[in-house]
Chemist: 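I have a structure here, written as structure tokens, and I will follow up with some questions on it.
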Amino acid sequence: MSIFTNEFQNAHNKIPTVELSRRGMVRTMALGLSLSVLPSFMASAKTEIDKEALDHGERIIPIGERELVDMQKFIEECIEANKEVDSQAAVKEVLKRGVSNASDMLKAIGEPTEAGLKVFLRTKELTIFAASWTPQMNLMPHNHKMWANIGIYTGREDNIIWENQKNGLEAKDVRCLFEGDVATLNTSAIHSVTNPLKRFTGGLHIYGGDFFATERSQWNPETLAEEPSNGDVIRGIFKEANEQMQKMKNH
């Protein structure tokens with residue numbers, strides 16, 4: 001049985017794509033969709049988030065009603081699993097089922113065409129987004145300050161797991177995630193991310209809290225000095241990755 005549903009697919013013929021912002025994302029998500037047509041998970045997820053939520057610089061890719069509808073059952077199952085005593089383990093099981101059929105998940109989310117995040121859910125308890133990395137894109141070491149589950153539905157994502165020691169950051173482990181693989185990170189985890197392939201990588205990232213309103217740290221990729229998460233720096237990484245992708249297309 002597919003994890004996706006088209007229950008609301010024909011509710012409206014043309015509903016405008018919604019540009020998602022980091023500030024007040026749950027409210028903004030519903031613009032253009034009448035309450036009667038909103039998928040049930042969206043109605044329940046419209047938790048008010050502080051409009052002064054931190055901006056970490058990730059590029060937010062707009063999502064359309066069709067994508068929300070196709071992901072409905074998966075997101076509902078994540079919301080229910082997050083109520084379990086061991087919420088991370090329960091949500092991981094939902095994610096494992098979801099990416100076990102990578103082609104279905106790819107179809108529901110859409111082929112990645114640029115670096116960025118498609119945010120499907122943002123509440124105080126749970127954040128779900130699809131992250132797409134351009135070929136050979138890198139992200140410096142960073143933390144989340146909350147548990148994370150990552151499932152790959154296309155491509156490959158290599159993670160270096162770091163530990164903060166007395167003398168600074170030290171690499172402790174490597175996790176190479178292929179299609180269908182799921183990794184867990186605890187609340188104190190620090191990792192850096194690389195897409196080693198010459199094609200896009202897409203992964204579903206699920207966090208046990210409001211990812212966009214949590215103060216985080218990043219580590220300079222050359223000196224490994226700890227810094228507050230800097231929106232301008234991260235925005236530049238996404239911008240450069242997309243510009244490089246465009247150059248490759250033009251050659």
Chemist: For the side chain of Gln88 and the backbone of Ala148, is there at least one donor-acceptor N/O pair under 3.5 Å apart?
Modeler: yes

Chemist: Would you confirm whether Asn138, through its side chain, and Thr194, through its main-chain N or O, come within 3.5 Å as a donor-acceptor pair?
Modeler: no

Chemist: Determine, for Asp55 against Arg235, whether the closest basic-nitrogen to carboxylate-oxygen distance falls under 4.0 angstrom.
Modeler: yes

Chemist: Looking at Phe211, I'd like to know if the NZ or CZ of Arg216 sits under 6.0 Å from its six-membered ring centre while staying within 45 degrees of the ring's axis.
Modeler: yes

Chemist: Spell out, as yes or no, whether a donor-acceptor pair under 3.5 Å connects the side chain of Thr154 to the backbone of Gly202.
Modeler: no

Chemist: Under a 4.5 Å side-chain heavy-atom rule over Ile, Leu, Val, Met, Phe, Trp and Tyr, are Ile128 and Val99 clustered together?
Modeler: yes

Chemist: If only atom types and distance count, is the side chain of Thr123 paired as donor or acceptor with the main-chain N or O of Glu125 below 3.5 Å?
Modeler: yes

Chemist: Below 6.0 angstrom between ring centroids: does that apply to His144 and His191?
Modeler: yes

Chemist: Minimum heavy-atom separation for Pro221 to Met140, with atom names?
Modeler: CD-CB, 4.1 Å

Chemist: Does Lys145 come within less than 4.0 Å of Glu215, counting only side-chain N to carboxylate O?
Modeler: no

Chemist: For residues Ala131 and Leu117, report the shortest heavy-atom separation together with the two atoms involved.
Modeler: CB-CD2, 3.7 Å

Chemist: State, with a plain yes or no, whether a side-chain heavy atom of Asn143 is found less than 4.5 Å away from one of Gln218.
Modeler: no

Chemist: Working to the nearest 0.5 Å, report the span between CG of Asn149 and CG of Leu185.
Modeler: 8.0 Å

Chemist: Just so I know, are the side chains of Tyr207 and Phe212 near enough to count as touching, which here means a heavy-atom distance under 4.5 Å?
Modeler: no

Chemist: With a sphere of 6.0 Å drawn around CD of Gln165, does it hold more than 12 non-hydrogen atoms of other residues, nucleotides or ligands?
Modeler: yes

Chemist: Just by distance, do the side chain of Thr214 and the backbone of Asp210 share a donor-acceptor pair under 3.5 Å?
Modeler: yes

Chemist: Is the closest side-chain heavy-atom distance between Asn159 and Val174 below 4.5 Å?
Modeler: no

Chemist: With a 3.5 Å distance limit and no angle check, can you tell me whether Asn195 reaches the backbone of Arg199 through a side-chain donor-acceptor pair?
Modeler: yes

Chemist: Salt bridge check, Arg59 against Glu243: does any charged N sit closer than 4.0 Å to a carboxylate O?
Modeler: no

Chemist: Test of understanding: clusters of I, L, V, M, F, W, Y form through side-chain heavy atoms closer than 4.5 Å, transitively. Do Ile150 and Leu121 belong to the same one?
Modeler: no

Chemist: Out of curiosity, Cys176 SG to Arg156 CZ, how far, rounded to the nearest 0.5 Å?
Modeler: 4.5 Å

Chemist: Look up atom OG in Ser132 and atom OH in Tyr153, then write down how far apart they are to the nearest 0.5 Å.
Modeler: 6.0 Å

Chemist: Determine, using the 4.5 Å side-chain heavy-atom cutoff (strictly less than), whether Trp162 and Trp219 are members of one ILVMFWY cluster.
Modeler: yes

Chemist: How about Phe74 and Met105: do any of their side-chain heavy atoms sit closer than 4.5 Å?
Modeler: yes

Chemist: Test salt bridge (charged side-chain N to carboxylate O under 4.0 Å, His left out) on Arg175 and Asp158 and set out the steps.
Modeler: CA-CA 6 Å; Arg175 298 181 193 173; Asp158 290 356; over 6 Å; no

Chemist: Can you check whether Cys78's main-chain N or O pairs, donor with acceptor, with Asn82's side chain at less than 3.5 Å?
Modeler: no

Chemist: Do Ile190 and His142 come close enough that some side-chain heavy atom pair is under 4.5 Å?
Modeler: no

Chemist: Please confirm whether the backbone N or O of Ile109 pairs with a side-chain atom of Lys118, one donor and one acceptor, at under 3.5 Å?
Modeler: yes

Chemist: Are a donor atom and an acceptor atom from the side chains of Thr184 and Trp147 found within less than 3.5 Å of each other?
Modeler: no

Chemist: Are any non-hydrogen side-chain atoms of Arg122 and Phe129 less than 4.5 angstrom apart?
Modeler: no

Chemist: Look at the side-chain heavy atoms of Ile, Leu, Val, Met, Phe, Trp and Tyr, link any pair under 4.5 Å apart, and say whether Ile63 and Ile206 land in one connected group.
Modeler: yes

Chemist: Is the backbone N or O of Ile152 less than 3.5 Å from a side-chain atom of Glu157, with the two atoms forming a donor-acceptor pair by type?
Modeler: no

Chemist: Look up atom OG1 in Thr134 and atom NZ in Lys198, then write down how far apart they are to the nearest 0.5 Å.
Modeler: 14.0 Å

Chemist: Could you tell me which residues satisfy side chain to side chain contact (heavy atoms under 4.5 Å, CB included) with Lys96, sequence neighbours excluded, listed by chain and number?
Modeler: Lys92, Glu93, Val182

Chemist: Do Thr127 and Met146 have side-chain heavy atoms sitting under 4.5 Å apart?
Modeler: no

Chemist: Look only at the side chain of Glu67 and the backbone of Gly64, and say whether a donor-acceptor pair between them is shorter than 3.5 Å.
Modeler: yes

